[in-house]
2 protein chains.
Amino acid sequence: MTKSDRPPTLEEVAQRAGLSTGTVSRVINNAQHVSKKARQAVERAIDELGYIPNTSARSLATQRRGAVVLAISSDDPALFANLFFAEVITGVNAVIEETDLELLLVLAASERGRERLTRILQSRGADGVMLLALRENDPLSTMAEDAGVPVVHGGRPLDRTPQWYVDADNRGGARQAVEYLIAQGRRNIGTVTGPLDMHVGVSRYLGFREAMALASLSDTRVANGDFSEGSGAKGMAQLLDEHPDLDAVFVASDAMAAGALTVLRDRGHEVPGEIAVVGFNDIVTAQHTQPALTTVRQPIEALGQEMTRVLVRLIDGERPTPLILPTELVIRDSA
Amino acid sequence: MTKSDRPPTLEEVAQRAGLSTGTVSRVINNAQHVSKKARQAVERAIDELGYIPNTSARSLATQRRGAVVLAISSDDPALFANLFFAEVITGVNAVIEETDLELLLVLAASERGRERLTRILQSRGADGVMLLALRENDPLSTMAEDAGVPVVHGGRPLDRTPQWYVDADNRGGARQAVEYLIAQGRRNIGTVTGPLDMHVGVSRYLGFREAMALASLSDTRVANGDFSEGSGAKGMAQLLDEHPDLDAVFVASDAMAAGALTVLRDRGHEVPGEIAVVGFNDIVTAQHTQPALTTVRQPIEALGQEMTRVLVRLIDGERPTPLILPTELVIRDSA
DNA sequence: TTGAAAGCGCTAACAC
DNA sequence: GTGTTAGCGCTTTCAA
């Protein structure tokens, strides 16, 4: 601890080391053209003084902010209810920790939040942005790109394919789930879809159709949901009413699947004996439903990691490619 | 859109308005001593140019960073599995949105994360910090205070009471839960505690003891857990073995309660008929256990909000008081 | 009420 | 390999 209350400046380090600020700066940013001797002197001064560079000053001088923002644009609290949110952040954080970037979090669901994000990006308050959970025609998507900072999407907006994104293989995962049901001998398979104004909803539905088509089965047993538990219950009831021959159902989210299971139990249908159920996401709850839910696990933490890697590369001026991450079927008791 | 690629500067605004940078700056920070006329001219210039102040430059000049950090220090993934994390952030965000602060997120569980946090605070990279989920003797706690920025704790460390914190009424909640069991006619009540090296674990245990003492009941049916589902199962088994007369159990977390319910089912004990169970936290899963879990709900989002409010006041130079937020018993089927 | 100018702490271009 | 210095964009005295 020095006597001073204010943190030491680079200039003070320079004085202490008996060198110029230029040299000190070079050492800190480990540039070449510094003698071993000078380097050592500077390093000693730095830790004698406990010097830590001032971020604002550096940002001002370099015109890079040293921070990225993770923007979550969702009016859907269910996004949070899943481990989804926390896992993405864990992944993002893991990669961020390897760099010296800071992580800014912006919840951009509200109008206010969107404005804040806009401000931050416009004012070059961040070197890049990761966008999560966009709905159809979300203005955020183009806005971020207009701001001129690199943008990486987690998942894809429905209306356009952004230049850089990382997404789970929703379509493949759905297909895999349905193929599993078929392999178990199910034939009259229905689905409760997610919201069809979201890419993820559509993809999973397409995966269902694909698997059914490949097996030459009818894909007309369909009810629409919105990923919420209630909509799953409603969709299940509808399927049951409209298609009494149903012997299996692919439900596009675990939350909906939980709702579906409740309806099946209430109506006295045995799962999986009579009707098999597969969900999607592998949220914690999936292990605690009755029976435990067979579901498709997404690599959520990996999604966060890869988004961040792509963004970091972008910031470094590279040209990474979009990524699609594989999903995995987790077999439990419900199918 | 101006032709220039780089955002407009304050100086350009000044030129456009035919005024000095000093005046423009005054308008922006709405200081007094600006004529109506000047103010209008500046405002027009600002939105003609689409001017947005540069955060780094402002920080450098004012010596305030305009950002706060939310640091989560936990090696316990269960913290994330609850809605806890997401809800706190939602609360924090709500208050942050009312200010023009930015929110920095730091996961400080790893050594690396801790170092990052230290750097940020030491370098005045943030105007304040909120600390979540500290274990006993967590160095972060004192470190943050040493850095000389305002610190607000979410929950309390065990070893000392920080000057500013916001906590749920864990003790009161536990007492309420146990009193409810007693009111239902239960007498041989046991508890599976949380980790007793955390304030929250101890508080809930004390709440249990308090309620039992007030009713002149024996509080010796105790098993220790660590908030994990597995430890709940183990603790339940232990209680059952050691106290065959058990007729109710207060389990200090829902995750543990889920484990406890599994054991009770496996051993053929009927819940709540034979043994009543109450959990704590009201995580999503609580609605899906068999039977649905009676539990104590914490005001998690409010916790995030209040932490942030306290921090903002601190940054503004006020002296707020610590806060304890009430909990609520949610009665379902397990007790 | 307004203008001028000196920093805030750092980087980077240029000279030596 | 090292020192010097002019900014980066803003705020904030101090004069006028």
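Lettering of chains follows the sequences in order, A, B, ..., and the numbering in each one begins at 1.
- When the side-chain nitrogen and oxygen atoms of B:Q63 are compared with OP1 and OP2 of C:dG9, one or more of them lie within a distance under 4.0 Å.
- Listed nucleotides D:dC10, C:dG9, D:dT11 differ in distance to B:Y51; the shortest reach to its side chain belongs to D:dC10.
- The distance from atom CD of A:Q32 to atom P of C:dA12 is 13 Å, rounded to the nearest whole Å.
- Each of A:H33 and A:G22 was matched to the nucleotide of DNA chain D holding its nearest heavy atom; the match closer to the 5' end belongs to A:H33.
- Proximity note for A:T21 (side chain, C-beta onward) versus C:dT11, D:dC10, C:dT2: the nearest is C:dT11.
- OP1 or OP2 of C:dG3 has at least one side-chain nitrogen or oxygen of B:T23 nearer than 4.0 Å.
- Side-chain atoms of A:D167 and A:L323, non-hydrogen and from C-beta on, never get closer than 4.5 Å to each other.
- When the side chain to side chain donor-acceptor pair (under 3.5 Å) test is applied to B:S20, the partners found at least two apart in sequence or on another chain are B:T23.
- Between D:dT2, D:dG9, D:dT12, one nucleotide has an atom nearer to the side chain of B:T62 than all others, and that is D:dT12.
- Picking from D:dC14, C:dG9, D:dC10 the nucleotide with the shortest atom distance to the side chain of B:R26 gives D:dC14.
- Each end of the helix from C:dT1-D:dA16 to C:dC16-D:dG1 yields a helix axis from five base pairs, and these two axes differ in direction by 40° (to the nearest 10 degrees).
- Comment: A:R116 does not engage B:E98 in a salt bridge, judged by the lack of any side-chain N to carboxylate O separation of less than 4.0 angstrom.
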